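Here's the structure we're looking at; comments come further down.
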Amino acid sequence: MQIPNFSALLTISLHIKQLKQIHGSILANGLDHLEPILIRQIIVSSGGFHQTHVTQYVKTILNHTQHRDVSPLGYAIRFLCQHGQFQDAVIFYVQLQRSGVFPNTYALSSIPKAYGKINCKNGGISVHCQVHKYGFASVVYVQTALLDFYSKMGDIKTAHKVFDEMSERNVVSWNAIISGYVKFGEFEMAQSVFDRMPERDIVSWNAILLGYAKAGKMDQAYVLFKEMPERGASSWNVMIRGYIDCGNIELARGFFDAMPKRNSISYITMISAYSKCGDVESAEKIFYEEEKKDQLLYNAMVACYAQNGRPKEALHLFDEMLQPILNIQPDKMTLASAISACSQLGDSNMGGRIESYMGEFGIRMDNYLSTALIDMHAKCGNIDKAIELFHRLEKKDIVAYSAIILGCGINGRGQDAIKLFEEMIDSNISPNSATITGILSAYNHAGLVEEGFDCFELMQKYGIIPGVDHYAIMVDLLGKAGRLEEAYELIKKMPMQPHSGVWGALLLACSVHNNVELGEIAAAKCFKLEPNSTGYCSLLSKIYVSSGKWDEATRLREAIEERSFNKVPGCSWIKPAEA
DNA sequence: TTAGGGTTAG
């Protein structure tokens, strides 16, 4: 093939496969100088392809090409930013600078957003310096991007300074500063900028509407909503979100039903609201009623199943979205939920498959995914792998600590769990209810009773109210140590009704330590709370046998047989004991 | 430039 043919080919819209072939031929023919044009063409033609494939391929070429033509590279950086590949955009931007190439407006107007997304304030500040250095200080797009960067980083002062110094402003610049004030709760400032705006568009109105919603002033939000010159799906979505945050899910649903044209955000807002209050059925109804299901909708429903202890359904839906007929690409959100489902099932095979998707689709590991994987490996018994992942975490937050502490606890690594808990407290991270469950389980495994009690005091310090499960672990811990009376006293002091787990822990301890009296009390409670479970009967029977109380053992066995014959739930023969 | 979704326990 001749050189002119390549150039001509690269001016028309082609399939990614054809572009890949052309790329191969270009390199084989030593025509590397055409690579920049190829990059641009891939991006331009990318509309119909999977974005992940395109971004992967663009990244591959960027990594390998020797050419440093600013136009396609700036274009590529903007493309990566538009497709959420912020880390990579920053890497290429830095490479571009290192090779001595001046960035262009494409790169400079998109890179501040990338720095903001990866939470790198210094990066954005250095871009700000470069903007002045390279003479882009009067370009409205570049300045707006910088002002938006500062406002998103919470530095409203600098954002306002950039805004004040702008020689030219457009409606986007005004909206960016308003959104910044709204985001950080400075509603009055937002309102005052809004009042001064020379012209407003729907985004300006939505930003102010959001301000009311965030302040919980839904009555005023409604007045504004009615007054708005135009309303879009976003305006309705803000109202829905506002009512959900106020706990008025019915009114939110009313708006959802009434809106003229819903978008994916409307659906996922409602689904996640139902998910959070455990109403999986309503979420399912919305999901299945919508015919055009996209990635966002699937993600919301997979998450809903995973969050509500229905891991099989979560994975079933995950599989469905990968079917060639639908071929919806999973992303970080999907994988995080799917991994959570795997850990609930203890299924590390499926988990491994999901890990391999990450490579296949070029999904970068982040804190959410790492934490989900830590939990999964720990629950599947691979605690070393979990610990390794934990130590590789960039930022160890409360969820990651909770997951690893619990993981160590359930894998018999009590001492490791205790060390990590201390490390967490030293790094000024306050434990939450889940962390306490984890550390208490670790003390329980290690048989550290006093530390368990100390933990109850610690909870008070951090304002955590002990839940029924914390008591259950404590009862188990005391029971195992043979301190049965203390365990019983603790149950009596509980401010809430003990569940069968609490009484079951006491009963188990009684069976280990052959305590008939407390065993009968605990068993009676268990029978009442879970009449259909036979496990408690066997435990009590074991206590009788071990204590030589053959008559009671026989009576109990007869009662069980009679019960299963008559299908009458409960064991009525035992004297009900008061706790 | 706005709106939304993911990770820990129960």
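So that the names make sense, note that chain A is the first sequence line, chain B the second, and so on, each numbered from 1. Fair warning: this is a prediction, and the values are worked out from it, not measured in the lab.
The CD1 atom of A:Ile363 sits 19 Å away from the P atom of B:dG5 (whole-angstrom rounding). What separates CD1 of A:Ile410 from C1' of B:dG10 is a distance of 14 Å, to the nearest Å. Atoms OH (A:Tyr305) and C1' (B:dT7) sit 21 Å apart, rounded to a whole Å. As rounded to whole Å, 9 Å separates atom P of B:dT1 from atom CD of A:Gln82. If you take CD1 of A:Ile398 and C1' of B:dT7, they are 13 Å apart, rounded to a whole angstrom. For A:Asp245 and B:dA3, the CG to C1' distance is 12 Å, given to the nearest whole Å. Put simply, CE on A:Met259 is 12 Å from C1' on B:dG4, counting in whole angstrom units. A:Tyr243 places its OH atom 19 Å from the P atom of B:dA3, with the value rounded to the nearest Å.
Taking every side-chain heavy atom of A:Lys276 into account, B:dG6 is the closest of B:dA9, B:dG10, B:dG6. Checking B:dA9, B:dT7, B:dG10 against the side-chain heavy atoms of A:Thr371 singles out B:dT7 as nearest. Among the nucleotides B:dT1, B:dT8, B:dG4, the one closest to the side chain of A:Val172 is B:dT1. Listed candidates were B:dT8, B:dT2, B:dG5. Nearest to the side chain of A:Leu210 is B:dT2. You'll find that the side chain of A:Leu296 is closest to B:dG5, out of B:dG5, B:dT7, B:dA9. Comparing atom distances between the A:Asp397 side chain and each of B:dT7, B:dA9, B:dG5 picks out B:dT7 as nearest. The A:Ser272 side chain lies nearest to B:dG5 when the options are B:dT1, B:dG5, B:dT8. Closest approach to the A:Asp148 side chain among B:dG6, B:dT1, B:dA9 is made by B:dT1 (side chain taken as heavy atoms from C-beta onward). Comparing B:dG6, B:dT2, B:dT8 against the side chain of A:Leu369 picks out B:dG6 as the nearest. In this structure, of B:dT8, B:dT1, B:dG6, it is B:dG6 that holds the atom nearest to the side chain of A:Tyr368.
Classification of A:Glu388 and A:Arg392 as a salt-bridged pair holds, one side-chain N sitting under 4.0 Å from a carboxylate O. The residues A:Arg413 and A:Asp384 are annotated as salt-bridged, a charged nitrogen and a carboxylate oxygen being separated by less than 4.0 angstrom. A salt bridge links A:Asp155 with A:Lys121; the closest basic N to acidic carboxylate O contact falls under 4.0 Å.
Here A:Leu406 lies in heavy-atom contact (under 4.0 Å) with sugar-phosphate atoms only. Residue A:Ala176 is out of contact with every strand shown, counting any heavy-atom pair closer than 4.0 Å. No engagement by A:Lys214 is indicated, since no non-hydrogen atom pair under 4.0 Å with the nucleic acid exists. Backbone-only engagement by A:Asp375 is indicated by non-hydrogen atom pairs under 4.0 Å involving sugar-phosphate atoms exclusively. Using a 4.0 Å heavy-atom cutoff across all strands shown, A:Asn170 reaches no nucleic acid atom at all. Base contact: A:Ser433 has a heavy atom under 4.0 Å from a base atom.
The side chain of A:Arg241 contributes an N or O atom lying less than 4.0 Å from OP1 or OP2 of B:dG5. Side-chain N/O atoms of A:Lys183 include none lying less than 4.0 angstrom from OP1 or OP2 on B:dA3. Here A:Lys379 does not reach the OP1 or OP2 of B:dT8: none of its side-chain N or O atoms lies under 4.0 Å away. For B:dT7, one of the phosphate oxygens OP1 or OP2 lies less than 4.0 angstrom from a side-chain nitrogen or oxygen of A:Gln307. Within the 4.0 Å cut-off from OP1 or OP2 of B:dT8, at least one side-chain nitrogen or oxygen of A:Ser340 is found.
A pairwise comparison of heavy atoms in A:Ser275 and A:Asn308 identifies O-ND2, 3.2 Å as the closest pair.
Between A:Tyr212 and A:Tyr222, the ring centre distance reaches or exceeds 6.0 Å. Centroid-to-centroid, the aromatic rings of A:Phe318 and A:Tyr298 stay 6.0 Å apart or farther.
Side-chain N/O atoms of A:Ser234 and base N/O atoms of B:dA3 include a donor-acceptor pair closer than 3.5 Å. The base of B:dG5 sits with one of its N or O atoms less than 3.5 Å from a complementary donor or acceptor on the side chain of A:Asp331. A:Asn263 contributes no side-chain N or O that forms a donor-acceptor pair with the base of B:dG4 under 3.5 Å.
Of the inter-residue distances, the one linking A:Tyr181 atom OH with A:Gln191 atom CD reads 13.5 Å to the nearest 0.5 angstrom.
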